[in-house]
Amino acid sequence: MAAQWAKTVRALADGREIRYYDSELRERSATDTRDLAPVESRSHTTLDALTGEWITHATHRQTRTFLPSTDLCPLCPSVSGRATEIPEPDYEVVVFDNRFSAFAGGPGHCDVVCFTSAHDTTFAALGLARARMVVDVWADRTADLTARDGVAQVFCFENHGEEIGVTLSHPHGQIYAYPFITPRAEKILVSADRHRRETGRDLFEDVLARERDDENRIVATNDEWLAFVPVAARWPFEVQLFPRRRVADIPDLDDSQRDGFADLYLDMLQRFAALFDESMPYIAAWNQAPATHRDAWWLHMQLFSIRRAPGKLKYLAGSESAMGAFINDTDPAAVAAQLRAAR
Ligand SMILES: [Zn+2]
């Protein structure tokens with residue numbers, strides 16, 4: 001299934017861009033009628049000299065919308081008498097510049113990605129064609145943002161569920177274009193470099209070979225992708241999705257890999273949703289190559305939940321929050337078995 005969609009770029013009232021992705025070319029001429037003041041940006045990024053990690057302070061985000069009722073949702077299409085972030089009366093997938101960007105005023109950038117105009121649904125219920133279209137949208141935005149000066153790493157992700165801190169329930173994700181390499185990517189690059197020096201081999205290839213051979217932690221596979229609970233899972237329910245053929249980022253995925261991802265990812269989300277008789281909050285996090293380290297990378301996705309049992313959430317307390325040392329109460333092989341049986 002080759003990519004087939006049209007993109008229309010428009011401006012919102014405060015100058016931010018909105019991009020409509022449509023499965024066929026449509027007139028997208030609605031204007032933003034809101035009286036929006038230009039965004040005041042007050043973010044800056046500071047190096048923590050002790051840890052070598054970059055910390056972003058974005059105090060303007062304190063005023064952002066918090067869990068509005070459905071009839072006030074800013075991600076629903078506009079209707080007469082109520083203008084939202086999306087001026088059109090309907091849409092398929094839209095991406096707009098986040099009004100509450102964590103990196104406003106600097107080289108970084110924050111997008112909001114609305115997966116559907118339907119308020120009361122989830123990514124898991126989007127269906128294959130729409131999920132596949134979202135992969136194309138991630139690819140288009142990643143290519144655009146990676147090409148910008150000062151962008152070091154592009155992070156596409158979805159926070160799902162109030163328990164995870166989602167402030168809007170409309171199905172949406174975000175894209176952060178960081179002006180620095182994130183701590184997780186830095187650590188992976190250091191590990192890969194050390195592995196190369198010590199063994200002469202590629203770390204990603206070795207890790208993937210081990211995960212593939214240890215079948216009791218594989219949840220599901222298809223011709224292009226593997227989904228497994230990693231041997232060092234840090235979250236109660238955690239799955240990693242790796243393409244069998246190596247690529248650095250989402251734009252590098254070919255049509256067959258994009259089709260395969262959409263299929264396996266929907267399957268994983270449906271398994272997560274079927275685990276318990278209550279909502280399953282999750283974070284879906286794309287790990288793409290930093291702009292300067294494309295050859296050293298292997299694209300993958302982390303999908304994990306903070307729910308460890310019905311009625312019980314995993315909180316990041318002293319060991320995790322202060323020391324970064326995770327204590328996980330679940331067994332990776334048992335979790336994989338639970339996920340294989342779910343649905
Ligand atoms: Zn909505």
Side-chain angles (χ1 to χ4, degrees), residues 5 7-14 16-23 26-36 39 60-102 110-138 140-141 156-176 262 265-266 269-270 272-273 278-285 305:
W5 41 265
K7 178 169 68 168
T8 310
V9 182
R10 303 272 301 167
L12 294 174
D14 55 6
R16 287 175 297 135
E17 272 191 0
I18 181 165
R19 306 150 196 92
Y20 297 91
Y21 293 84
D22 292 308
S23 50
R26 294 183 49 183
E27 172 88 13
R28 295 299 189 186
S29 54
T31 49
D32 185 358
T33 56
R34 295 171 298 173
D35 183 19
L36 279 185
V39 184
H60 58 285
R61 284 164 52 85
Q62 285 283 24
T63 58
R64 68 189 191 273
T65 321
F66 183 75
L67 291 176
S69 59
T70 303
D71 60 335
L72 292 176
C73 174
L75 308 185
C76 277
S78 290
V79 292
S80 104
R82 197 176 77 81
T84 69
E85 287 280 56
I86 296 102
E88 291 284 331
D90 191 22
Y91 64 85
E92 292 181 49
V93 179
V94 294
V95 178
F96 59 86
D97 301 345
N98 195 335
R99 183 162 166 83
F100 302 99
S101 170
C110 292
D111 275 346
V112 175
V113 184
C114 297
F115 304 133
T116 168
S117 61
H119 183 89
D120 288 312
T121 186
T122 61
F123 198 114
L126 284 183
L128 197 53
R130 178 60 59 85
R132 173 65 170 79
M133 188 172 169
V134 172
V135 179
D136 286 341
V137 171
W138 283 326
D140 187 61
R141 291 303 298 149
C156 305
F157 64 105
E158 182 193 356
N159 298 329
H160 176 80
E162 282 179 35
E163 300 90 336
I164 229 119
V166 176
T167 51
L168 298 170
S169 64
H170 194 110
H172 74 288
Q174 299 182 70
I175 301 175
Y176 279 16
Y265 182 49
L266 288 176
L269 290 180
Q270 286 157 13
F272 265 51
E278 56 188 286
S279 72
M280 191 69 170
Y282 66 79
I283 291 173
S305 181

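Atoms within each ligand, like the ligands themselves, are counted from 1 in listed order.
Counting only distance, with no hydrogens or angles, the side chain of Arg34 and the backbone of Asp14 share no donor-acceptor pair below 3.5 Å.
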With side chain to side chain contact (heavy atoms under 4.5 Å, CB included) as the criterion, how do His160 and Ser279 come out once you've worked through the C-alpha distance, each side chain's angles and the decisive distance to 0.1 Å?
CA-CA 10 Å; His160 176 80; Ser279 72; over 6 Å; no

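Around the Zn ion (ligand 1), the angle linking Cys76 (SG) with Cys73 (SG) is 120°, rounded to 10 degrees.
The Zn ion (ligand 1) is closest to atom ND1 of His170 (considering only N, O or S atoms). Restricting His119 to its N/O/S atoms, the shortest distance to the Zn ion (ligand 1) is reached by ND1.
A parallel orientation is assigned to the rings of Phe123 and Trp138, their planes being inclined by less than 30° (bins at 30° and 60°).
Contact check on Arg28 versus Asp90 returns no salt bridge, with no Lys/Arg side-chain nitrogen under 4.0 Å from an Asp/Glu carboxylate oxygen.
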